[in-house]
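Beneath this line is the structure, given in structure tokens, with notes to follow.
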Amino acid sequence: MTNTRRAGLMLVAPATLFIAIGFLLPVFVLLSGAFRLESGWTLSNFTDFFADPLYREVFFRTFRLGLTVTAVAALLGYATALAINDANPRSKGRLVALLVLPLMISPVARTYAWLVILGRTGFLNVALTSVGLTDEPLRILFTEWAVFIGLLQLFFPLMVLPLISSLENMPRDVIPAARVLGASWLAIFWRIILPLTREGLVVGGTLTFVGSLTAYVTPAILGGSKVLMLETLLYQRVSVANDYASAGVIAVILIAMSVATNVMLKRLATARGGR
Amino acid sequence: MFNARLTVSAAALAMVAAPAAAQELTISVYGIAQDAFDEVLYTPFEEICDCELVVETGNNSERLAKLEANAANPVIDVIAFADSAALEAAEKDLLAPLDMAQLSNVDGIYDFAQDPLGNGMAVGYTFYGTSIVYRSEEVSIETWTDLFSEELAGRVALPNITTTQGPLTLYMIQRAIDAEKAEAGDFSDAIAMVAENRDRIVTFYERSSQIPQLLQQEEILASVVGRFAWPGISSIPLEVEWALPEGGQSGGLNVLAVVAGTEQTELAHQFIDYWLSEEIQTRIAEARVDSPVNTAVEVDEETAEALTYGPEMAESIHFLPPAVQMENRESWLDAWNTEIAR
Amino acid sequence: MSDPFLELDALTLTYGDTIAVEALDFHMAAGELVALLGPSGCGKTTTMRAIAGLMRPAAGHIRLDGRDITRVAPNRRGVGLVFQSYALFPHLSVYENVAFGLRIARIRAEELERRTHAALGAVGLTDFAGRAPAELSGGQQQRVALARSIVMEPKLLLLDEPLSNLDARLRLEMRTELARLQREFGIAMLYVTHDQAEALALADRIIVMNDGKVEQVGTPEDIYDRPTSVFVADFVGFENTFRVERGALSGANGPVDAGFAVTEGARGLAWRPQDVTLGQGPHRGRIEGASYLGQSVEYLMSSPLGPIKAERPAHEKRHATGTEVTFDLPQARAVELARG
Amino acid sequence: MRHAGRALLVVVMLFLVGPFILICLTGLSGGETLAFPPDGLSLRWVIRVFEIESFRDSFALSLTLGIGATLIALILGIPAAYALVRYDVPGADAIRNLLTAPIIVPGIIVGLALLRHLVIPSGLGVTLALFLGHTALLIPYAVRVTAASLQNLRADIEDAAILLGASRIGAFVRVTLPNIKNGIMAAFIIGFITSFNEVPVSLFLTGPGVATLPVDMLLYMEYNYDPSIAALSGLLALMSLGVVLTAERLLGLSRYV
């Protein structure tokens, strides 16, 4: 018994030490800067941060965009996952491969493509005006809309893939069974599908929300300086102003938000899980 | 396992590291037109010095941040900066004094470029005008405050405060409102004006390379840029003009400096001197990259048109002194963040 | 019984703080086929894993063929194990599965081939040598697992629930096969099962385990006809088992007189359903349900003794559900249990 | 219902994949600047991509980094995953959390932390820090994907191998490894692509002549606005597409993502 414990420790030791020393240690030193002033330990960096209207706005914008992206991805994700689950196995494999694709393509290439599409004379506006949906081209680039669209495309697969796998794990024939019992589609979704796929939703939701909070390339290129998010603000604070205290504060906030989301959603998944 | 990691890393390092030359000179410059620089400056210099140039590129603030971060172990030997960034670096003890005796070509450049920081730590290698570019068939520009005209609502981009052009733009707007405050570095009226028109400004750009694209995609009809961006802008298939507004144009000076702590002092000076030479300044000018500071350089009219050329031009530019920039930067940034960025 | 071939001596096995098996003693002779019978969770599989060396005992000793193997590594014990799941290597063919151990032992090519083919022949799978395990039926996979162990010529072969994953027809086939192999190779076999029928049909001797301890050891006849404890009696199908307290049977609502003098020292009495007679006797009950089984009728009754199960020949008088009936638990058919 | 589902799938897939098709077309433009629809078709910008020296250098760096960091992450991650799945490791939950920490910490902070508190004080050099950062980032993937494959594999086949005479390591190499091979290859591909496309960690970890390809592309975009970025993006998109489709066909990659 002690033997396998020791063997287990020996096997996890290299990876654990590597991460602890080569990764966590420097990160902790950096984060500790958020709690320090020349005079000693303090929380004033945080109060300063939230006292600044710009920072406050960036914080709420990041939060808001993260929530919106997650909510829309979840709605659209369920519809997509159900449709894919309905497809025959051959095309299902292909559809899943297509879903994976955006995750595998360089974020620079991906964002660059949106630059070409969302512009005033870009693909989207040309299409909209030519079918007469709008007279005046829409301003999308450098607005929260552009960031929203870019983030949605990036994280949508991370929402759909767990949903597909939890739909696959759903006991067969529960949907026909509910239909036979007279449930409407809405009732089926609400009472059968949602509870049975909650785990997938939580995994997808966490990945999407946390991913949106910490995205860099998308807001940097599609949002620009008028749509700063926490991560782009962090970069700006460091590279423009050499302001490592603010950088540390933003880092702590980002990590705290990520961890809180993880914990909260995990609890949500298990809260009423034991039906 | 740990050894395996080290071995693999070491092997990988060996693969990516440049083959060792006799000597290496590491320079840090703007990323603009690197192909042209390679052809007319880097390669010829490598032949002369029998050394290898390693080039880092980036904008002022990023490179300054890195220079400061690496102060204990400098990796850069020669750095090209905007004058204000150079002054900031100098005040942080990141630069070494220049040995003018080793720079034979300094005497041949404009006076204002010989010791622009006033501390003997940098020499100017190029200067440029900063003005408004605009789509002439769509709008006309008479003054700096025309940036906020009705025709330009939702169709204009301004440089962000964090770029070199940002303060220059505020400076010229402030001059149009109250020149005295402008010279003192008080841009409060200009900032208020930008803030008021915040929603009519498409974006505060951080890279001037965006401007040709923004113009061509008809995102914007006008913007403020440095002349170095003009070749890219004038090449788009639209009527774009360089405005000569009432109140003139601003501009900037880019300088070369030697990084404190470098071991390649001699080679660094040799490189700077070479860059200032008539031959190289002419070639860079003819490549339509940087305007020459060497007074002996003569170019044809077409080239001159693409650049910011000649003593009269230099005379007409309203430079914003680096000391004023240093002194007021924090307050501009604060005011900008509270009034505009949010 | 001559010298013990396998001997467990006060073997205690634990998982963390939980004791799975406590101070277990038993032994078996060379060439014997012994069944370790017990409900799931009684510690029988744990005991088997300990004999194989897959877990280390907290206390006690295991001796095999005169050697203490308690601390010997599993791959040096000469013990084979057929897993309940078969644990075939999915990436190897049937032939390579069987040859696996011989390759590890660096057996010469000709001998390896000869022995592998012999083992495949012994289980009747010669024609399937090139297949992948996934392409075989459950019974065939079972036989591959068997061949893979036998080819190593182990001193002792352990089998974990060898018949549990097979359907009824295959069980019969496999049962015969195991008995044949046992005779042919003379390997001592110890197998774990929770199915009394399986144990009775195959084993020379049965060890009944409960809650980490041995309940009873004996021949199949001993176990089936003469259980010595309430637990064993229950387990081998004495459906009417009662503890004895102060000379009376303990019923659902207190003691009930047996109707005869209970032997001094008996801690329990048990009757099979076939031995319960209806229509006469000292006890009263109510028929709760009757199932016609062809040759017989099975009655489920409620009584002061608790539920009673009786099985009567079909030609006897039938009793309808809901009727009151008298019944007898005859002394002559009672099995006395020495332990409660 | 069926039709609505199909229409939705078309729209979603267009949204996900359409931009990459557009960028490939834009990269084939014959014009001077980026535009859509492209200004005539030509390969000039594709050819141009291969002429830019810094792209060649940064591509080589990203390739080495992707392969090297993924291999190290697997060498460290596989034993850890094995222990976490098969053994009763003391403090397993804490270790699991620790091993996934690199995913939680925003990349830009990792890069900054490594630059300021590792590269600068130790003088180790940016390249080593890149390897360190990328390896740390990839270990969670390596552990997770390997652990998933191990969980799908019956533990008793290793016991069976040991009872047939194999040592513990022998059983792992001869029985476990061949059966989780696909999972490991999937982990390698996912790791490589993650590293190859990584921006935030690498953003600060640049130096003279050292920049990963995506960061180099960002730097290039800062000063150039010609279709060569579109061409390069298109090439990278095609490369990823090739890798993903091949991997999907061989391994069923999407099961591991």
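Below, chain A is the first sequence line, B the second, and so on; all start at residue 1.
- Summarising the geometry, atom CG belonging to L98(D) is positioned 5.0 Å from atom CG belonging to L24(A); distances are rounded to the nearest 0.5 Å.
- With chain D as partner, the option from P107(A), A13(A), A20(A), S258(A) having the largest number of non-hydrogen pairs under 4.5 angstrom is P107(A).
- If you measure heavy-atom distances from V12(D) to chain A, the contacts under 4.5 Å come from the side chain alone.
- Contact between V116(A) and I23(D) at its shortest, heavy atoms only, is CG2-CD1, 4.4 Å.
- One distance of note links CG of L118(D) with CD1 of I21(A); it measures 11.0 Å at 0.5 Å rounding.
- Using a 4.5 Å cut-off between heavy atoms, F204(D) contacts chain A through its side chain alone, with no backbone atom that close.
- If you tally non-hydrogen atom pairs under 4.5 Å between each of G77(D), A113(D), A101(D) and chain A, the highest count goes to A113(D).
- Using a 4.5 Å cut-off between heavy atoms, L236(D) touches chain A through its side chain atoms alone.
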**Request:** Take Y235(A) and L112(D), measure what side chain to side chain contact (heavy atoms under 4.5 Å, CB included) needs, and give me the verdict at the end.
**Result:** CA-CA 9 Å; Y235(A) 183 78; L112(D) 184 63; over 6 Å; no
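- To the nearest 0.5 Å, the span separating CZ on F20(D) from CZ on R110(A) amounts to 6.5 Å.
- Between chain A and the options I193(D), L16(D), L9(D), the largest number of non-hydrogen pairs under 4.5 Å is found for L16(D).
- In terms of non-hydrogen atom pairs under 4.5 Å with chain A, the most contact-rich of I139(D), V143(D), V215(D) is I139(D).
- Among residue pairs with one or both ends in residues 96-119 of chain D, those qualifying as salt bridge (Lys or Arg N to Asp or Glu O under 4.0 Å) are D93(D)-R96(D); sequence neighbours excluded.
- Interface residue I108(D): backbone and side-chain heavy atoms are both found under 4.5 Å from chain A.
- When each of L82(A), I117(A), L30(A), L101(A) is checked for heavy-atom pairs under 4.5 Å with chain D, L30(A) comes out on top.
- Note that the CG atom of L114(D) and the CZ atom of F23(A) stand 8.0 Å from one another [nearest 0.5 Å].
- Looking at P200(D), only its side chain comes within 4.5 Å of chain A, counting heavy atoms on both sides.
- Looking at L203(D), only its side chain comes within 4.5 Å of chain A, counting heavy atoms on both sides.
- Taking 4.5 Å as the limit, every side-chain heavy atom of T26(D) sits out of range of all side-chain heavy atoms of Y112(A).
- The residue among P90(D), A83(D), A136(D) with the most heavy atom pairs within less than 4.5 Å of chain A is P90(D).
- A 6.0 Å sphere centred on CZ of F63(A) holds no more than 12 heavy atoms belonging to other residues, nucleotides or ligands.
- Interface remark: Y82(D) contributes side-chain atoms only to the contact with chain A (heavy atom separation under 4.5 Å).
- For the pair Y87(D)/V12(A), no side-chain contact is recorded, criterion being any heavy-atom separation below 4.5 Å from C-beta on.
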**Request:** Before giving the answer on side chain to side chain contact (heavy atoms under 4.5 Å, CB included), spell out for I221(A) and L218(D) the whole-Å C-alpha distance, their side-chain angles and the decisive distance to 0.1 Å.
**Result:** CA-CA 9 Å; I221(A) 295 182; L218(D) 286 176; 3.6 Å; yes
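- In this structure, the portion of L8(D) lying under 4.5 Å from any heavy atom of chain A is its side chain and not its backbone.
- A distance-only check finds a donor-acceptor pair linking the side chain of S240(D) to the backbone of M104(A) [under 3.5 Å].
- Taking CG of D86(A) as the reference point, atom CZ of R6(D) lies at 9.5 Å (rounded to 0.5 Å).
- Between A83(A) and G5(D), the shortest heavy-atom distance links the atoms CB-O, 3.9 Å.
- Contact count versus chain D (heavy atoms, under 4.5 Å) is highest, among L99(A), L152(A), V210(A), V259(A), for L152(A).
- Nearest heavy-atom pair, P106(D) versus E231(A), reported as atom, atom and distance to 0.1 Å: CB-OE1, 3.4 Å.
- Only the side chain of Y244(A) has a heavy atom closer than 4.5 Å to any heavy atom of chain D.
- With chain D as partner, the option from L76(A), L31(A), I84(A), L25(A) having the largest number of non-hydrogen pairs under 4.5 angstrom is I84(A).
- Rounded to the nearest 0.5 angstrom, L254(A) CG and I109(D) CD1 are separated by 5.5 Å.
- Between chain D and the residues V238(A), L154(A), N262(A), the largest count of heavy-atom pairs under 4.5 Å involves V238(A).
- The candidate with the highest count of non-hydrogen atom pairs below 4.5 Å against chain A, out of L213(D), V199(D), T194(D), is V199(D).
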